[in-house]
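Note that the structure is predicted; figures quoted are calculated from it, not measured.
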Amino acid sequence: MSCNENDIKILEKKIKELEKKNKELHGIIHNAPIPIFALDNNHKITHFNKALEELSGLSGKKMLGTDHQWKAFYSSNRPVMADLIIDRSSDAQIVEQYGQKYNPSTKAKERFSATDFFPDLGEKGKWLFFCASTITDDNGNIISAVETLQDVTEEKIAEKKTKELYRIYQNILEFVPYPIVVYNDKGLVSYVNPSFSTIFGWSLEELKGRPVPFVPPALKAETRDMLNKFKENKSVTRYETQRLTRDGKILDVVIWAASHSRYNADSTDNFVILRDITEEKRFEANNKTIMRISAVLPEYPELEDLMTYISKEVKALLNTEGALVLLYDEIKEELFFTGGAYDDSDTDKRAKTFRFPIDTVLAGKIIKTGEYALVNDAEKLTKDHPERDERLGYQTRSLLEVPIKSEDRIIGVLCAINKKQNLFNYNDMELMTMIAGTCAISIENARFSEAVREAYRDVASMNRAKGKAINHLSHELKTPVAVLTGSLQILRKKLESAPGVKVNATLNRIERNLSRVVDIQDEVADIMGDKTYSAQKLLIKMFEACQDELETLIQQNLSTDHLELSVKKLIDEKFGPRSISYRSIDFSEYFNELFTSLKPEFEFRHINIEISIDDNLPALLLPEEILNKTIGGLIKNAIENTPDKGKIHITIETKDSGILLSVHDFGVGIEADAQKRIFEGFFTTQDTLLYSTKTPFSFNAGGKGADLLRMKIFSERHGFTLEMKSKRCRFLLENQDIECPGDIKACSFCHTEEDCLNSGYSIFTVFFASEKK
């Protein structure tokens, strides 16, 4: 390789390195966080970075190569600082553009900075600090200029406000609401403002040239330490302490102090600002107390415990001999105690036993007026309300009472009795009022909770009694029904053998209603869920005790072994515990068998029943007895609510790895109010009088009101979901005194079958999870 070729490659490498560095520098400038732009010596823009785009709202790509740099800052064409220094403008020319706002750099004439307001930037204009400098070649010729900018609007606004405030403070020092005192090096007063005189009581004439005698004796050592630190640090920031007023009252104060050396002397002025925080401290203590009480109140749900807690808190906070809460009985117009706190425990116990008519105690007046009562006159208390102390066996010397308000009612009175030190004052009243307001909701809740608990105990007791009664009646029905059924069969045989006697209709009606009683007992037994029957054990023992006598009476008909087995089997069937067995069920096969077994019972009805069953349904793990009662009951319910010539759709499909059964009848539907209570049990949507005259599956035959409740309980026990939605027939809604005739052709409102099918419906759905027990 020749020398020239090697030089060329070295040169190309340097060029690439320079291009790389140039690219890096361009990236640095473009992404710099402060606005930057650069001009060449022809005033054309070579750089316009992102930060300047954000400040000006202009596109850098559109600005590059132009001389429109003025558009970033002004509404009309004029030179910017970079333009001026490229042209080596004189100070006079720069002053012409910027006035005296610019500062030439101390290092080089070609660098300038200034701060100016740009009204065309943003909505309200902006203050910018900008600095421009030139870039020269090796011969000192200007080849470009760079200008950087910084948004100092907030600083300028703050500076303006500070200057304005300083001017105002100078003018209104005499009206500063905080006490101000100025000392010399020897601690002698040179100035106090009017606020100091108002709060502490001393005038400037009284204190000038003297120390202020307002340090409490107990704080003198602490104050000396503070003054030593002040001399060392020349300032004190928020020093919290206490100071005396001229009349000896102690105030809680916060102190700020600073030293200031005079210009024309060696002496120093010490400025001290004080702020009276006595009330703030009191409010802070009160708020902490209220917050603490509020946090603890939920721990006392019992009314008596809550009242005792509140009374103890008031007694401790106000340092009294006693405190209590009187609640207002609006019905009897009496005041009574449920909890209190006394130094004397006997008085505490006696207070809970008394009730006072509202007009006999001072608290009664508070209940009526809603005003507080603050009495420090023992003689007046004894004279106005003697009965109170006589009954309580207690002498009241001072009393503070405030109303306990709940929304627009006064529910009681909070009382503090006999303050141990000093007298009750307005501050005590404020604290008591805050506590009363905080406790009002808790007191109401406790009273309501107590009433609810009492009502719940009554309801629970009634439910237990009702459950026992229903369970007992369910068991008691078995024996008489069995006897009646057997007697009816004997009577039917005897009457059938008697010539000329026609009683089949009567006997059928009796048998039908006996069957209904049996169904009711069966439904109740399912609902109660009772797995053990005490009657079974009792009957077994009775049978064993009477076995010999029974055998003697009927040995001519049955063998002894046969008799014993038959009677025990009968007792077990009627009174023994129910056994429920789970098995895997092929639902498609099962449903077809169930529907086939039910079909003869409703063949006399003229209803179109369409059945749709998906293939490959998942298996179910459920008791077949429960499925029979649930699905059979839904089909029966749909048929009894659908008039002849009507339609029922039964669909069975796979859903979410389970089986969804839907029984959709296009019948009379259920009224909206009845839908809310349909699963409550022993609630019927039809006239009860109709039930004894119609056979099962007849239109409007109805039920006993327990079948749907039984299904709902089955669903909860065995993990399937039962839901219903319905719409009452619009013709029945519009004519509430009219009943459906039970046949679409006999309906005076429906001209076609479609009129009925589109008027009302009920849809019961059951979802069975697959293989779930």
Side-chain angles (χ1 to χ4, degrees), residues 21-22 24-60 62-122 124-163:
K21 288 182 179 180
N22 183 53
E24 290 175 352
L25 289 172
H26 179 79
I28 291 171
I29 293 173
H30 188 68
N31 294 299
I34 62 172
I36 300 174
F37 71 93
L39 307 178
D40 61 17
N41 57 0
N42 293 319
H43 301 275
K44 302 294 185 181
I45 300 173
T46 60
H47 295 80
F48 197 97
N49 74 345
K50 286 183 180 179
L52 185 54
E53 287 180 336
E54 294 175 0
L55 176 67
S56 64
L58 300 176
S59 168
K62 293 181 179 180
M63 295 293 287
L64 290 175
T66 71
D67 58 357
H68 297 160
Q69 50 269 25
W70 57 270
K71 290 185 178 180
F73 315 104
Y74 306 106
S75 59
S76 59
N77 192 350
R78 56 154 287 176
V80 299
M81 179 69 77
D83 290 319
L84 294 173
I85 64 172
I86 286 175
D87 293 338
R88 298 186 185 275
S89 301
S90 64
D91 286 350
Q93 290 174 314
I94 296 176
V95 168
E96 182 181 347
Q97 297 294 333
Y98 293 102
Q100 297 299 325
K101 301 171 185 176
Y102 87 99
N103 296 308
S105 171
T106 57
K107 293 183 179 179
K109 182 68 176 176
E110 289 77 16
R111 297 180 186 175
F112 294 90
S113 64
T115 302
D116 199 3
F117 181 71
F118 294 81
D120 299 319
L121 279 178
K124 298 181 180 180
K126 292 181 181 293
W127 282 92
L128 298 180
F129 170 75
F130 48 97
C131 182
S133 63
T134 59
I135 300 174
T136 59
D137 58 17
D138 294 338
N139 298 320
N141 299 317
I142 295 175
I143 58 175
S144 65
V146 177
E147 187 168 336
T148 62
L149 305 104
Q150 183 177 351
D151 185 354
V152 293
T153 305
E154 292 185 5
E155 290 83 347
K156 273 292 184 180
I157 292 174
E159 179 184 353
K160 184 178 180 181
K161 287 182 178 179
T162 300
K163 289 180 179 179

Donor + acceptor pair across side chains of H43, D83 (<3.5 Å): yes
Could you grab the distance from atom CD of Q150 to atom SG of C131, nearest 0.5 Å is fine? 10.5 Å
So, taking the atom named CD1 in I86 and the one named CG in N41, what distance separates them when rounded to the nearest 0.5 Å? 7.0 Å
What one should report as the nearest heavy-atom pair of I29 and I36 is CG2-CG2, 4.1 Å
Anything under 30° is parallel, anything over 60° is perpendicular, the rest tilted; go ahead and classify F130 against F118. perpendicular
On a heavy-atom basis, the closest approach of I45 and Q69 is CG1-OE1, 3.5 Å
Under 3.5 Å, side chain of Q93 to main-chain N/O of S90, donor-acceptor pair present? yes
Please report the closest heavy-atom contact between E147 and V80, naming both atoms and the distance. OE1-CG2, 4.0 Å
Enter the distance from M63:CE to F37:CZ here, rounded to the nearest 0.5 Å. 9.0 Å
What is the distance from atom CD1 of I34 to atom CG of L55, rounded to the nearest 0.5 Å? 11.5 Å
Whether D120 side chain and Y74 backbone form a donor-acceptor pair below 3.5 Å: no
Answer yes or no: is there a side-chain heavy-atom contact under 4.5 Å between D151 and L121? no
d(T66 OG1, L39 CG) to nearest 0.5 Å is 9.5 Å
Could you tell me whether the side chain of D40 and the main chain of N42 form a donor-acceptor pair under 3.5 Å? yes
Using modelled atom types and a 3.5 Å cut-off, is there a donor and acceptor pairing between side-chain atoms of T153 and backbone atoms of K126? no
Between E53 and K50, does any NZ, NE, NH1 or NH2 come within less than 4.0 Å of an OD or OE carboxylate oxygen? no
If you measure from NZ on K44 to CG on D67, what distance do you get to the nearest 0.5 Å? 4.0 Å
So, for A51 and P35, which heavy atoms are closest and what is the spacing to 0.1 Å? CB-N, 3.5 Å
Minimum-distance pair of heavy atoms, taken over all atoms of F48 and L64: N-CD2, 3.9 Å
Between S89 and L84, is there a donor-acceptor pair closer than 3.5 Å when you use the side chain of the first and the backbone of the second? yes
Under 3.5 Å: donor-acceptor pair, side chain of D137, backbone of N139: yes
Is T136 close to I142 at the side-chain level, that is, under 4.5 Å between some pair of heavy atoms? yes
What one should report as the nearest heavy-atom pair of M81 and A114 is CE-CB, 4.1 Å
